Structure formats: C-alpha cells, structure tokens
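Before any comments, here is the structure.
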2 protein chains.
Amino acid sequence: MRNITVYDIAKEANVSVATVSRVLNDTAPVKISTREKIMSIINKYQFQPNALARSLISKSTGMIGVILPDITNPFFTEVFLGAEHEARDKGYTFFLCNSGGEYYRESEYLSVLNEKRVDGIIFLGGRVNLVRNKPELVKEVAELAERTPVVLINGNLPKCNIHRVVTDEAFGAELLTQHLIDLGHREIAFLGGMEHIAPTVQKLKAFRRKMEENNLRVRKEWIVYGEYSVKSGKQLMNRLIDMAHRPSAVICVNDFTAVGAIKAAVERGMRIPEHISIAGYDDTPLSTTVIPELTTVSQQSHELGRQAVQILHQLINREKIRKLTLLQPSLVVRQSTGLYTEQR
Amino acid sequence: MRNITVYDIAKEANVSVATVSRVLNDTAPVKISTREKIMSIINKYQFQPNALARSLISKSTGMIGVILPDITNPFFTEVFLGAEHEARDKGYTFFLCNSGGEYYRESEYLSVLNEKRVDGIIFLGGRVNLVRNKPELVKEVAELAERTPVVLINGNLPKCNIHRVVTDEAFGAELLTQHLIDLGHREIAFLGGMEHIAPTVQKLKAFRRKMEENNLRVRKEWIVYGEYSVKSGKQLMNRLIDMAHRPSAVICVNDFTAVGAIKAAVERGMRIPEHISIAGYDDTPLSTTVIPELTTVSQQSHELGRQAVQILHQLINREKIRKLTLLQPSLVVRQSTGLYTEQR
DNA sequence: GTGAAAGCGCTAACAC
DNA sequence: GTGTTAGCGCTTTCAC
C-alpha cells in the first residue's frame, strides 16, 4: 500500500495541493466548507504529513541531539529529564547518543546529527571534559557549531566560544570541604576521578585551596584517582582503609564512588559517620537510596538540562544570548557525614 | 552562508550531480581521477549529504523510536543500552521518548514518530502493560504497526498480533517464591505494584500459585499495592511492620520497591536478612549498590533491548520472524534473603 | 480563495 | 563512465 500524500487528499477533495497545505498549516484563509471537506478526508485516512519533506523546505527538524557518556548514570539521566521537560511545549524531540565517553563514537554521532540536520546539539562528557584537548576533537565540534547551535553542559572546549551552561564545581567542592572542616575533621581524603578530567581537577584544586585556607594539610597518599563507578569507589576505599593512618573523612568525586566507598567501609565493619564521614557529589537519586543517606552536592542536574534547551531554543531562533550560564551548586547534608570523633 | 549541496560539489568538479551521487554512494563505477577530484572537493568543504533528502527518496531514515515510561529507572536504561548496543553496527540512531507512563504523551510521541517516518518503534510500559486496555489506545498502536515495524517489550496489546519480546515474569516470581520457601519461610508478603498492571498481576498470580502448591497460606493483608518507587516501597514496608503479625519474608514488585522496603526496615531497627528477608525484581544496578545486596530476578534487560532491535531490523528488511520471543528470567541470590529464623 | 508550478537536496532511471 | 531529468512529499510564491 502506497503512502498517502497531500496529492491523494487534494484529489479526493477536488482541490489543489496548495489548499491542502493551507489547511494543514493554517497559513492562509480557506473557505470554511472546503476546509471541512479536506479535514474530513484527512481524518478518514489518518493522514499525517511527511515531516522529512517538510523539514527539507523549512530547514528545521524539531530534533535535538544529546550526546552523553553514560545513560546509566543517573546524573545524566536527570539532565536529560530536565531537557525533555523544557522541550515539551517547544515541540522538540530528542536523539539520544550514548557515547560511552569514547571520542570516536562522539565523532560518529556528531556526523550523524549533522547529516540528519538536527536543530541543535547538547554535548556532555567525553571530550568537553578534557583538561587538555586534541585539536582535531575540538575542531570537529567548533566547525559543527558554526552551522548548528551547540551547547556544552559542564564542559568546555579551548578557544571555541561555544555556549555553555555549567555549575561551579569548584564552589561545590569548597562547600563540601568547609562542611567537613566545620564538623571538626582535619584529615580528609579525596577519592576517585581521573587526573585529566576537568571537573575532577577543579574539585580537587578547590579542595586543596580550602584545606590550605584552614591551615590543614592534604596528605598526598590520600588523593587517590580512579574512575567514577561504584566498583572503583569500593576499591579506592579499601586502599584507604588498609593504610596505617586513615583520614576521618572522605570526599568522593561523585555519588557512585561514594556509594562504593560506603560499601567498602561497611564491609570492613566501620560505621558511618561514626567511624568515618563520606560525602558524594551530584545528588543523584542514588544518594537517598543508600544507607546511610549521602551528604552530597546538588548540581541542579535537572536545571542544567532545562537551561541548555532554553538556550538552544533561543539560538535556533537567532536570539542573542550570553555565552556562559552559571548555576550555583548547593550542599545537601544528609546522614553520611557527622562530627569528628576519636572513635575510630 | 547557504548550505552546500551536491550541485555545488558537481559544479566545482565540472561533473553532474549524478556523478557526485555515485561517488557518495558507491553505486556505480566512476573514473578514478574524477572520483578523486570529487572526493577532494567534498573534503575541502566538509560536505555531508542531507539525510532528509536522502530519506525522502530511500524511504528509510535509520531512526528507531523508543517509547518508555521512565528514563530514570535503571531497568529501562539497561534495555536502552542493549538496544543501542545492537543497533551500533546496523546504523540506527534512537529517538528517546520519555512518556512518564501517560497515555496522552504516548499518543503524541506515536504521532511524532510516524510523521518523522522512523524505521521502527520499540514500545515499553504505559498502555502495553495494561491488564485491560482501552480500544482507542490499542487502535493507535495497531494502525501504526501496519505501516511501521513495532515491537513491544514486556508488554502486550489485545488482538494485535504485534511482535513482542518478553521475559516470563510469572516464572521469575515462581523462582523467587520457591527460593524463599526453600529457606524455610512460610509467611511471605508481596509488596508494591498496581492492580491493573499486567506484569504485577502476573507476578502476583505466580506467587499465589507457588504458595498454594506448597500448601502455604497467603494472607490478604500481606498483599499491598502501591507504586514502583523507593518511596512507595518504604511506605508499604512501614505498613507491614506496623501490623500485629509480620511476615518473615517479602517479595517486592521491583528493585526500587525493595530498596525502599530495606530502608524502612533498617530505620525501624530490623536486620536483614536476620529479621526479615526482602527480595526485589529486575536486577538493576541498584541491587548491588544497596546494603545488603539484593536478592532479585534478572530480566535480562540488556538482552531484551538487543533482541528488540534485532527483530525490528529483520522486520525492516521484510524478513519473516516469529511473533513472540521469550526470555527466561533467572534468580540472583545475594544477601537480602536468608534462612528463616525465630529471631524476629 | 484557490491553482499552477517551482524548488528544498538528493537518487535513479534512462540515454548517450 | 557520465549527463539529463524526473521524481520523493511537501511549502510557497505568483497569478487569477
């Protein structure tokens, strides 16, 4: 069965395709009787105009591409939800591109999104989180950004001047550090994350600064790099526990890592926060799921997504808009951090 | 700056658009020297053919729509990952449609996916999980399925004969029930889920059957409906704990609910599994994150997604393929269930 | 109010 | 091997 088109509708209604198009788009007055006739035929066949053909002319697809490293991480999932929420009444739909953080897959997706002529792109993780980037990787995005609106979430690309919406991750880390210091902790460790990933570096730097400000020493063996997973958090925490001298508090690079750390500590018979305070970062749903509930920093993930779409929308409509949107993170104190005690 | 097209390439290379198209698609031999000339111009301008125009002709977009109720639930996220994995080398990309389980939004998405002429649709949750469905809701999907390949995951639509890939949820519930009985439990409760949702009904029925088989009584106040969230699990468990007579084991409708149940029990000073055994369903990443780790049933979520894409792919290529693909769930015993003890 | 026809960017006969 | 041309399904001037 051939697909039904405006021509079929026009023919059956004894009008021209132009008229059908007019009622479809309400783009010019049509005599009420002919409009009704056309509508009834449209309904009869459940006719829906081919969006491809429309987009070819209108040069807009109503599609937004989202490139993110890991759909399995609730942080990204929350960002997506925020984006989706904002996009609802604006009529956008989403291409979800799960890059796994691999650059070649990011490149592939960039290219696909371009071919499919998405109206805009939201980019998270992977190359936009690199401390020092490869020129080719940057160039790919920069060139695409000249044709298609792109916004980076919690990331950056050198010399690119691409629109960004970011939370001040350093500030979040400062909040956390100060919180622990206020609780009386003087020996604090930093767990997880990779040395070449910008958000990690920023947090770590802020942590160090805050410690210094308070005349507290940061032991270098208490800065342990790893990944961003529960598994990694567990391993790293075990390493920490095995040390002759343990910290009384631990800041983890994200909630996943913190949960892993808690698991390791509990398995080794420690009580949290009595024996050790553990803090996460991101305030994912996971943080209220775990026992004890996690003290963490809210990145306003939902809001990040919302704002990104809002900016994209303005960009698509050729409105001028500030390049940088900064959101303030906030400390969320729950049960996994407590007053420093001798009891270790 | 106007968009660059095959015409621009053709002009600069002193050939016709047909030749450009030929090198683009490798659809006919082209003299090597002209091919090279064309390629160099393509590279020079970073030309990428407009997929919209291509799709208009080829009648295939390489896009698959995924409608699911909650991107925040790791079960769906794992299914998506499986789908994405299978789709990689097949060249599909995904429209992610988060319905929130609301029928009107499902309808909207169905309509959008149709207009955008996706090559196939994967449908999870919402209306395909209803015990008794509304004809309009069914009709929408059925009609679309005549034009576009559709596969349902863990769902069904009456009289529709749409392709489905499902896990045998009843069998999973039986495994779980038997497991608890084998541990010596005789008083078991069922927590969470809604009365009109098919997967829940199936599990519950299987639970009852298995109990009967073992001459065990199912108290009706121990079957408590609710939702599928951590919060709901917590509430329901608290209700159970408040009862004069408590069960020694609890089967939860999904992992979220089980985690909530664990939280409630722990907060009330109970130890798991010493005081009460708690089991989940789905084997989401959450189940290894919680303390104690969750005994649960694996739905093979990743495989569900993989198979769905595989079937879609065959459907798209007009291959004949069985309507029903059944996956066997498997019991995953971890720490949250244990031998029945008097200690309560 | 309505129709004829051009054109969006591409592919695929068909001709040479 | 390569060019001409007719669509794919729609929107949009420009006439009338």
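In the text below, chain A, chain B and the rest are named by the order of the sequence lines, each starting its count at 1. Because the structure is a prediction, the values reported are computed rather than measured.
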Point to revise | Whether Asp119(A) side chain and Ile64(A) backbone form a donor-acceptor pair below 3.5 Å | key: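 Pair absent, no side-chain N/O of Asp119(A) close to backbone of Ile64(A).
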Review point. Just by modelled atom types, is the Phe75(B) backbone N or O under 3.5 Å from a matching donor or acceptor in the Asn73(B) side chain?
Key: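 It does hold such a pair.
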When you get a sec, tell me which of [options] is the closest nucleotide to the side chain of [X]?
X	options	result
Ile57(B)	dT2(D), dC14(D), dC10(C)	dC10(C)
Ala18(B)	dA13(C), dT11(C), dG3(C)	dA13(C)
Asn50(A)	dG7(D), dC10(D), dG3(C)	dC10(D)
Val17(A)	dT11(D), dG9(D), dT2(C)	dT11(D)
Leu56(A)	dG3(D), dT11(D), dG9(D)	dG9(D)
Phe47(A)	dT2(D), dC10(D), dC10(C)	dC10(D)
Thr27(B)	dT11(D), dT13(D), dA12(C)	dA12(C)

Could you check whether [X] gets within reach of a base, just the sugar-phosphate, or nothing at all, counting any heavy atom under 4.0 Å?
X	result
Val15(A)	sugar-phosphate
Asp8(A)	nothing
Thr5(B)	sugar-phosphate

Rounded to the Å, how far apart are [X] [atom1] and [N] [atom2]?
X	N	atom1	atom2	result
Asp26(A)	dT12(D)	CG	P	13 Å
Leu24(B)	dC10(C)	CG	P	8 Å
Lys116(B)	dC10(D)	NZ	P	14 Å
Tyr7(B)	dG9(C)	OH	P	10 Å
Arg22(A)	dG9(D)	CZ	P	21 Å
Leu52(B)	dG7(D)	CG	P	22 Å
Lys11(A)	dG9(D)	NZ	P	14 Å
Ile38(B)	dT2(D)	CD1	C1'	10 Å

Exercise for review: Check whether the side chains of Thr167(B) and Gln300(B) place a donor and an acceptor atom closer than 3.5 Å, and report yes or no.
Suggested key: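 Thr167(B) vs Gln300(B): no donor-acceptor pair found between side chains.
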Exercise for review: For Arg127(A) and Ser107(A), test the side chains for any donor-to-acceptor distance below 3.5 angstrom and give the result as yes or no.
Suggested key: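 Arg127(A) vs Ser107(A): donor-acceptor pair found between side chains.
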Phosphate oxygens OP1/OP2 of [N]: is one of them under 4.0 Å from a side-chain N or O of [X]?
X	N	value
Asn25(B)	dT11(C)	yes
Lys59(B)	dG9(D)	yes
Thr34(B)	dT2(D)	yes
Ser55(B)	dC10(C)	no
Arg54(B)	dC10(C)	no

Exercise for review: Would you please indicate if the ring centroids of Phe94(B) and Phe95(A) are separated by under 6.0 Å?
Suggested key: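 Distance test on ring centres: not under 6.0 Å, no.
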**Study point:** Closest-nucleotide 5' rank along DNA chain C - winner of Asn14(A) and Gln48(B)
**Key:**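 It is Asn14(A), whose closest nucleotide lies nearer the 5' terminus.
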Review point. Taking all non-hydrogen atoms of both residues, which atom of Asn129(B) and which atom of Gly155(B) are closest, and how far apart?
Key: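 Of all heavy-atom pairs spanning Asn129(B) and Gly155(B), the closest is ND2-CA, 3.8 Å.
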